[in-house]
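Here is the structure we will look at, set down as structure tokens.
Values below: all heavy atoms of this structure, side chains included; hydrogens, waters and symmetry mates excluded.
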Number of protein chains: 2
Amino acid sequence: MGAECHHAESAQPGLEGVALANAVAAAQAQCERTRERLTPPRRRVLELLLESDGPMKAYDLIAAYGQDGEPAKPPTVYRALEFLERLGFAHRIESLNAYVPCRMEGAGHRAAFLICECCGAAQEFEPDFSAQFAAAEIAGYAVRTVTLEARGLCPACKVQT
Amino acid sequence: MGAECHHAESAQPGLEGVALANAVAAAQAQCERTRERLTPPRRRVLELLLESDGPMKAYDLIAAYGQDGEPAKPPTVYRALEFLERLGFAHRIESLNAYVPCRMEGAGHRAAFLICECCGAAQEFEPDFSAQFAAAEIAGYAVRTVTLEARGLCPACKVQT
DNA sequence: CTAGTTATGTTATTTCATAACGCTGCGGGT
DNA sequence: ACCCGCAGCGTTATGAAATAACATAACTAG
């Protein structure tokens, strides 16, 4: 994923082993609570996102989908992503055409990201949209969702060249 | 552009005649001040954006480019859009894959939009990113640009069904 | 069990964006 | 005046991202 620099992309190391299993199990449990179904393709895509060190493109997911190297068909992955986004298990980063697993505990529908233009890392943070909601109210808009993406340099890339 | 509803999309009526000419002339003047060149394709794409009632897709611009009905080649339009964005004359709306002319006076690199999911209107507003900058600073990020897109219903669509 | 709904598999296509290459025309230096 | 370097453009082709459409399978409530 590191597109422009050589730093190890370790800001958000992917999950493995037990941590991965726990994360998937947590998603499973939440689904059962809300009568949603974490079906095999959905689970598989969630796993891939959680394992990744950084944002994944849809076609990265498609290529990585089959344990045997067989790619998925695009709709399989896009449908899974739609589900994961709806449930809040994943977010789309519009400015990258890429996807990340949600790293925030129980954050509902709010998402905000700090995106490093050097190494490609994307860090989710808890947004405070009060100023934006105020602006929306003045304009008479009923806001449903807000996406915010701040681009710049992460601490590691800021230091080096 | 109105995708899902029948309301007139009049929130941001396009410019015509003298108003259009004035807007283009203002861009021209600013270019001259900064030694940038508002070449014919750039001027043409800017005109098309200013004339439009709402966000335009890249291929809308491509189709509308020639006064004689001849479409442009994609790179022509994408290069012009890149220029217009760099100069702050236009903004890309990531969540729509669409472009709008900048409506804010002298706003530098900040852009924020209220997007109606019913009629497709996109209203630019003056963002206050102080909360986000604070969050970025805590995380050690050096932010360069921020894009914010709030999706919901505009006043007109909120009232009707 | 069976009808309705939700999810998946599959094929094909559409939409969005950029790579690569050569030509042109303007501006700066000597 | 020259020519040289670079920004901009035209053109062909391709790559990347996302969805349409339709058939089949799997749950679930009655």
Side-chain angles (χ1 to χ4, degrees), chain A residues 1 3-4 27-28 31-49 55-68 70-87 89-100 120 147 149, chain B residues 1 3-4 27-28 31-46 48-49 55-68 70-87 89-100 120 149:
Chain A
M1 285 276 111
E4 307 184 17
Q28 177 77 264
C31 284
E32 281 165 9
R33 249 176 277 125
T34 55
R35 295 261 202 286
E36 297 280 355
R37 296 162 59 194
L38 189 64
T39 58
R42 293 167 177 179
R43 168 191 298 262
R44 178 63 182 145
V45 171
L46 177 58
E47 276 175 13
L48 288 170
L49 289 175
M56 288 190 80
K57 304 272 209 169
Y59 276 73
D60 294 340
L61 292 163
I62 287 167
Y65 183 86
Q67 283 92 342
D68 54 356
E70 278 301 293
K73 307 288 171 62
T76 302
V77 164
Y78 280 104
R79 289 196 278 230
L81 287 169
E82 185 184 0
F83 171 85
L84 295 172
E85 281 201 80
R86 181 164 58 81
L87 277 278
F89 295 144
H91 299 294
R92 172 179 167 81
I93 300 184
E94 297 285 352
S95 61
L96 298 176
N97 290 351
Y99 302 84
V100 291
T147 64
E149 301 175 10
Chain B
M1 284 277 111
E4 307 183 20
Q28 176 77 265
C31 284
E32 282 165 7
R33 250 176 275 126
T34 55
R35 297 261 201 283
E36 297 279 357
R37 296 161 60 193
L38 189 65
T39 58
R42 294 169 176 177
R43 168 192 297 263
R44 177 63 180 145
V45 170
L46 177 58
L48 288 170
L49 289 174
M56 287 190 81
K57 304 272 209 169
Y59 276 71
D60 294 340
L61 292 162
I62 287 168
Y65 184 86
Q67 284 91 342
D68 53 357
E70 277 303 291
K73 305 290 172 60
T76 301
V77 164
Y78 280 105
R79 290 196 278 230
L81 288 170
E82 185 185 1
F83 170 85
L84 296 172
E85 280 202 82
R86 181 164 57 80
L87 277 278
F89 295 145
H91 299 294
R92 172 179 167 81
I93 300 183
E94 298 285 352
S95 60
L96 298 177
N97 290 351
Y99 302 84
V100 290
E149 300 175 9

Quick one: [X] [atom1] to [N] [atom2], roughly how many Å, whole number?
| X | N | atom1 | atom2 | answer |
| --- | --- | --- | --- | --- |
| N97(B) | dT18(C) | CG | P | 11 Å |
| L61(B) | dT15(C) | CG | P | 15 Å |
| R44(A) | dT8(C) | CZ | P | 15 Å |
| L38(A) | dT6(C) | CG | P | 18 Å |
| D60(B) | dC16(C) | CG | P | 8 Å |

Is any side-chain N or O of [X] closer than 4.0 Å to OP1 or OP2 of [N]?
| X | N | result |
| --- | --- | --- |
| Y78(B) | dA17(C) | yes |
| T76(A) | dG9(C) | yes |
| R43(A) | dA7(C) | no |
| K57(B) | dC16(C) | yes |

*Would you check, one step at a time, whether the test salt bridge (charged side-chain N to carboxylate O under 4.0 Å, His left out) holds for E82(B) with R79(B)?*
CA-CA 5 Å; E82(B) 185 185 1; R79(B) 290 196 278 230; over 6 Å; no
Work out which heavy atom in [X] is nearest to a heavy atom in [Y]; give both atom names and the distance.
| X | Y | value |
| --- | --- | --- |
| L96(B) | P55(B) | CD1-CG, 4.1 Å |
| Y65(B) | R44(B) | O-NE, 2.6 Å |
| P41(B) | A80(B) | O-CB, 4.0 Å |
| V77(A) | A58(A) | CG1-O, 4.0 Å |

*Can you check whether T76(A) reaches I62(A) side chain to side chain, under 4.5 Å on heavy atoms?*
no
*Find out whether L49(A) and L81(A) are in side-chain contact, i.e. whether some heavy atom of one side chain is under 4.5 Å from a heavy atom of the other.*
yes
*Backbone N or O of I93(B) within a donor-acceptor pair of the E149(B) side chain at under 3.5 Å?*
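No, E149(B) side chain to I93(B) backbone: no donor-acceptor pair under 3.5 Å.
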_R92(B) side chain to E85(B) backbone, donor-acceptor under 3.5 Å_ = no
*With heavy atoms under 4.0 Å as the rule, sort R35(A) into base, sugar-phosphate or nothing.*
nothing
_Using a heavy-atom cut-off of 4.0 Å across all strands, would you classify R79(B) as base, sugar-phosphate, or nothing?_
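R79(B): base contact, heavy atoms under 4.0 Å.
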*Pick the nucleotide of DNA chain D nearest each of P41(B) and K73(B); which residue has the one closer to the 5' end?*
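That would be P41(B).
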_Here's a test of your reading of the structure: between E36(B) and A58(A), which maps to the more 5' nucleotide of DNA chain D?_
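In this pair, the answer is E36(B).
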*DNA chain C: A80(A) or P74(A), which has the more 5' nearest nucleotide?*
A80(A)
Pull out every protein N or O sitting under 3.5 Å from an N or O of nucleotides 24-29 of chain C, one pair per line with the distance.
none

*Walk along DNA chain D from 5' to 3' and tell me the first and last nucleotide with an atom closer than 4.0 Å to a non-hydrogen atom of chain B.*
dG8(D) to dT12(D)
